[in-house]
Amino acid sequence: MSDTILSGHNLTKEFITRGDGAFSASKNRFRAVDDVSFDVQAGRTLAIVGESGCGKSTTARLASKLLDMTSGTLRFEGEDVTIAGAKELARFRSNVQVVFQDPFSSLNPRHTVERIISAPLDYQGIKVPRGRAALVRELLERVGLNPDHSQRYPGQFSGGQAQRIGIARALAVKPKLVVCDEAVSALDVSVQAIVINLLRDLQADLGLSYIFIAHDLAVVRQIADRVAVMSQGKLVEQGDRDEIFTNPQHEYTKTLLAAVPRINPEWERARAARMAEGTHPDQDVTPRARATTDDGGQA
Amino acid sequence: MNTTPLLEIEHLTITFPTGSGPVDVVRDLSAVLDANRTLGVVGESGSGKSMTSLAIMGLLPSTARVSGSIRLNGQELVGKTDREFRTIRGEKVAMVFQDPLSSLNPYYTVGLQIEEAYRSHRGGSRRAARAVVLDALERVRIKDAARRIDHYPHQFSGGMRQRIMIAMALCLEPELLIADEPTTALDVTVQAQILDLLAELQQETGSGMIFITHDLAVVSQVAEDILVMKDGDVVERGTAEQIFSNPQAAYTRSLLDALPRIDDPFEELRGTAR
Amino acid sequence: MSTAPSQLAIEVDTVGASPGGGAPTPARRVISTLRRSPAVVLSVAYIVAVVLLAALAPVLASITGWGPYTYDPEAINADLGGIPIGPLGGISAEHWFGVEPQNGRDIFARIAQGAQVSLLIAVSATLVTTVVGVVLGMVAGFYGGWADQVISRVMDFLMAFPALIFMIALLSALPAGNRPALLVIVLSIFGWPYVARVIRGQTMSLKNREFVEAARASGAGNWRIVSREVLPNLRGTIIVLATLAVPGYIGTEAGLSFLGVGVMPPTPSWGQMIASAVGWYTVDPMFFLIPGTFLFLTVLSFTVFGDHLQKALDAGDAA
Amino acid sequence: MVLYLLRRILSALGILLLISLFTYAIFFLLSPDPAVLICGKTCTPERIDQIRGQLGLDQPFWVQYWEFLRGLVAGRSYGDGPSAIDCAAPCLGFSFQTNESVTNMITSRFPVSATLAIGAAVLWLLAGIGGGLLSAVKQGTWWDRGAMMVALGGISLPNYFVALILQYVLVVQLQILPFPTAVEFGENPLLWFQSYLMPWLVLAFAYASMYARLVRTNVIDTLGENFMRTARAKGLAAPLILRRHALRPALTPVVTLFGMDFAGLLGGALITETVFGLNGVGKLAADSIAKNDQPVIMGVTLLAALFVVFGNVIVDILYTVLDPRVRVTSR
């Protein structure tokens with residue numbers, strides 16, 4: 001039985017938008033996140049899904065304290081961190097890290113990979129006895145990149161590689177929870193699969209918890225333990241993965257699931273049968289091994 | 001049956017000069033498409049799938065070198081001048097792009113942007129063209145079309161903008177429609193609507209369609225024939241059923257393996273592969 | 001995930017092909033791009049020459065034997081109203097660029113001295129406006145809120161000012177004092193908003209980039225984010241703005257001196273030399289052509305260099 | 001829309017008020033006593049006091065400033081009784097040098113500055129937009145390179161230097177044009193045209209260069225937009241694509257720039273007017289500055305500020321008309 005690591009209660013975030021048209025100065029309140037509650041279990045993954053503008057990314061920012069909430073409470077390991085002082089915030093930051101959607105935008109193009117990955121240590125004043133360079137090499141290796149590339153700049157990597165750098169950065173302070181905000185959305189399918197596998201391996205090895213924000217239900221199905229569905233700022237349904245996918249209760253969840261494009265199940269079955277028979281001449285080409293070379297991970 | 005197919009591409013190669021010598025973005029591509037059928041072109045970024053469609057439209061940058069043959073109803077397109085291509089574009093082949101917001105000119109109403117496509121080929125009065133535009137907007141299910149015709153692109157949602165792009169493409173009733181990642185920028189529910197719409201319209205008009213996408217699940221729903229591309233090469237071709245139930249190329253298989261599924265028949269298999 | 005724009009496939013290749021070891025830093029790439037352009041090389045060579053001319057003005061004066069303030073009655077023809085003796089405004093082995101009509105001061109010495117004055121004013125004003133503009137622009141762009149409101153209103157106000165007329169009026173009303181210093185102050189007051197406006201805009205867009213959020217999530221405070229994440233990304237913009245500000249200030253200083261409210265005689269400045277040549281342009285065109293050409297080429301060189309720098313930096317960002 | 005206009009005009013008036021306050025304060029603080037200036041060399045302390053009283057110079061700063069503002073709006077009279085001098089609104093006072101009404105001085109000079117500005121604007125818009133557009137379309141050709149080189153020269157050459165070269169070549173050496181003189185159009189249209197020709201050219205050259213560079217960049221950027229690809233994919237003819245789809249997005253920012261530049265020039269082209277001896281507002285400013293004629297400097301500065309500030313307002317309004325995105329988001 002796992003413990004709750006992070007819980008949000010009745011989280012609400014309002015933005016005040018100034019009518020940005022030239023003719024109005026009226027202020028509008030826009031409720032991006034409306035009374036959202038969730039628990040993240042230690043070592044597990046909570047996925048938050050929804051379409052664009054549903055408030056899932058704002059929820060991620062509230063959960064990682066990148067935004068201050070309008071109301072609600074956030075607890076980390078039972079401790080209220082809704083309003084955190086400098087000390088509590090520092091502790092929170094060393095426990096909760098974020099991986100962002102756009103691998104290039106989230107890496108400072110003017111910094112070397114080593115500087116990027118060691119930045120959290122630097123910002124939090126954490127000393128590394130065996131040296132930062134050594135830790136960075138280790139982390140690069142851990143996420144499947146060439147440790148000799150630590151002096152390169154982000155622009156010299158492919159999208160999938162850049163996203164691994166973002167993951168390595170998140171791991172540098174040994175966090176307990178990683179918030180992945182659309183972390184695989186910008187990647188090609190084959191690269192996506194590798195990064196998802198990497199995230200799963202890291203979870204198994206390090207006991208990480210994830211909040212996984214995504215719009216792609218098929219991806220969520222692969223990684224989530226629990227799923228929360230959001231629409232227009234509200235959390236419309238929440239449950240264990242299989243429950244949500246096989247027996248959705250809310251109308252919106254049903255619509256969402258129905259809209260996901262599927263391959264003809266007969267074709268899928270036929271292929272599965274062929275694969276099980278092992279009739280393929282080059283059976284050893286697993287997606288992972290294959291795609292790693294495509295991604296250039298260890299190249 | 002010995003009629004000419006709608007579109008015949010033979011040994012198409014597209015080359016770009018770069019600082020480090022010429023690079024083939026498409027190599028030796030051949031394909032055939034008949035009216036009322038859909039050809040899916042699948043590949044990841046940089047596979048050259050979009051270049052092929054730009055070559056059919058004559059919209060490649062002037063530095064591109066094209067060899068091989070593209071025949072539309074038997075008429076050779078490779079080597080045509082920009083002026084000659086004008087009678088093809090819009091009139092015979094129309095295109096729907098990925099990002100409908102940046103593909104529409106923000107300075108003009110959607111009505112005018114559809115109307116100018118129609119009038120530059122068919123001429124006629126603005127009043128007559130407006131009726132055609134209204135009809136096109138209604139066919140793509142834009143509610144309150146009579147009012148919306150005078151709105152600007154930024155006043156529409158993403159899905160609505162893509163409908164407008166489709167209306168623009170269909171107002172001249174082209175024989176071939178090229179849809180280049182038409183649903184990639186859209187939410188999944190909107191994507192489903194747009195895919196339905198495209199299928200319905202194709203049934204009405206009987207045009208051929210080339211559907212370019214990176215998404216295998218989407219292409220499995222819309223296309224009868226499929227080309228799988230990688231780094232400018234066609235690695236596999238076949239009917240949708242062949243590709244999905246019995247893929248031959250290792251690359252196709254790896255793509256299919258990597259594809260996350262909403263109802264996953266391979267759960268256990270993948271589990272062991274890990 | 002996106003459809004390939006024309007170069008995508010090609011770019012992916014070149015990224016993959018970069019050598020394993022010491023990859024070029026962005027700065028080195030920009031410099032090597034710039035060195036390939038002959039226009040840039042010529043411009044930089046000219047700028048270096050003018051800077052040397054300015055720095056070595058006293059040395060050069062002792063070599064030629066003519067200082068900027070020394071009269072040479074022998075070089076002018078008093079009977080003809082004081083026009084220089086000899087062709088082309090009296091250009092000779094002794095006076096390399098000829099002499100001024102009426103008093104026979106050596107033009108080469110005055111050009112060199114004028115270069116010193118003009119460059120000093122322009123570079124100082126550039127330094128002041130860049131520092132003030134970058135600091136205020138970043139504060140306004142990063143913090144937003146009332147800080148932004150105050151700074152932006154002041155910027156609007158200063159930019160709505162009819163700056164030239166006002167500068168002239170102000171300079172004419174101000175006591176003589178240290179003219180170059182006054183010029184720097186006046187140029188800076190009206191110059192910083194143009195820097196701040198660009199920096200503010202860029203800071204606002206950088207602030208929303210994910211790497212700034214990433215730094216915040218990593219535990220960085222505002223100061224660290226500004227100095228370590230935002231500022232390095234403004235470096236290129238700042239360098240370009242400063243490079244293009246120098247010719248602007250050189251031109252404005254020359255214009256003000258031309259109108260008689262800038263650098264005061266006898267201290268030479270290029271604009272003021274042209275002004276004093278106005279009365280002589282029919283009989284001694286070299287008198288305005290020489291300082292005018294120096295002024296033109298200096299402004300041109302800085303502009304060419306700035307333009308190319310901007311292009312090279314933009315290209316570097318796109319890659 | 002009305003509300004927006006009102007707010008915009010109010011804020012413009014606010015800025016004008018601030019500018020007037022600053023200008024007034026600076027002259028109040030920095031200038032020598034105007035009474036001494038007016039009085040001349042043979043002056044008794046009584047006479048000075050009398051002048052100060054008449055001009056209100058013995059009043060504190062805020063009173064003087066308030067009187068000045070009131071004079072602008074409602075007119076004022078200096079001194080009292082039969083010796084009082086009336087000054088109708090908008091009253092900017094009287095020149096210390098000539099005793100002329102500053103308002104009259106400015107209105108009589110304004111047509112010259114306007115003529116200069118309009119003529120130059122026509123030239124630079126034609127050359128700048130035409131040249132920039134052609135360069136963009138023929139990007140990389142010899143025409144493009146040549147035009148951009150000329151434009152680079154145009155933005156780097158100080159206009160008084162160009163003026164001197166032109167005068168030297170056209171007037172002194174080639175004798176194509178006469179020495180510039182101040183002639184009314186009615187007197188001698190040809191001479192009038194000839195005397196304005198060089199100032200127009202000089203002024204237009206600098207602006208045309210700037211505009212050509214801007215237009216070229218904007219058009220090239222627009223040509224790379226996705227909607228240009230759509231326009232081509234529709235099969236539109238190349239001229240229509242250029243005219244309709246490229247030009248409007250590319251030229252909209254130019255409208256903004258033009259509004260500001262033209263407004264600035266209406267307030268007087270100081271250097272050009274001075275070099276060519278054109279009796280416009282700019283030359284008036286330069287002359288009054290040289291003679292320390294405060295009321296005139298104040299008047300000219302305010303006029304220039306008025307044009308710049310309201311030029312800004314007009315440009316903003318125009319922008320909302322030209323760019324539908326700005327127009328409609330506001331509803």
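Proteins come first, then strands; the chains are lettered A, B, ... in the order of their sequence lines, and each starts at number 1. Because only heavy atoms are used, hydrogens play no part in the values below, and waters and symmetry mates are left out as well, while side chains stay in.
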Over all atoms of both residues, closest heavy-atom pair of D:Phe161 and C:Phe288: CE1-O, 3.5 Å
Proximal component of C:Phe258, with respect to chain D [non-hydrogen, under 4.5 Å]: side chain
Least distance between heavy atoms, D:Tyr160 atom then C:Ala254 atom: OH-CB, 3.1 Å
Among the listed options D:Gly267, D:Gly153, D:Ser288, the residue most often paired with chain C at heavy-atom distances under 4.5 Å: D:Gly153
Largest heavy-atom contact set with chain C, pairs under 4.5 Å, which of D:Leu302, D:Thr23, D:Leu164, D:Ile271: D:Leu164
Student check: side-chain heavy atoms of C:Asp307 and D:Met148 closer than 4.5 Å: no
Gap separating the OG1 atom of C:Thr293 from the CD1 atom of D:Ile165, nearest 0.5 angstrom: 6.5 Å
D:Val275, part contacting chain C, at a heavy-atom distance under 4.5 Å: side chain
All salt bridge (Lys or Arg N to Asp or Glu O under 4.0 Å) counterparts of D:Asp144, not counting sequence neighbours: D:Arg216
Contact origin within D:Ile297 toward chain C - heavy atom pairs under 4.5 Å: side chain
Proximity breakdown for C:Ile168 and chain D, heavy-atom pairs closer than 4.5 Å: both
Side chain, backbone, both or neither of D:Thr274 within contact of chain C (heavy atoms, under 4.5 Å): side chain
Region of C:Ile250 that comes under 4.5 Å of a non-hydrogen atom in chain D: neither
From D:Phe22 atom CZ to C:Phe157 atom CZ, the distance as rounded to the nearest 0.5 Å: 4.5 Å
Options D:Val162, D:Leu18, D:Ile15, ranked by heavy-atom pairs under 4.5 Å with chain C, top entry: D:Leu18
side-chain contact (heavy atoms from CB on, under 4.5 Å) partner of D:Ile155, the single match among C:Val299, C:Leu300, C:Thr303: C:Thr303
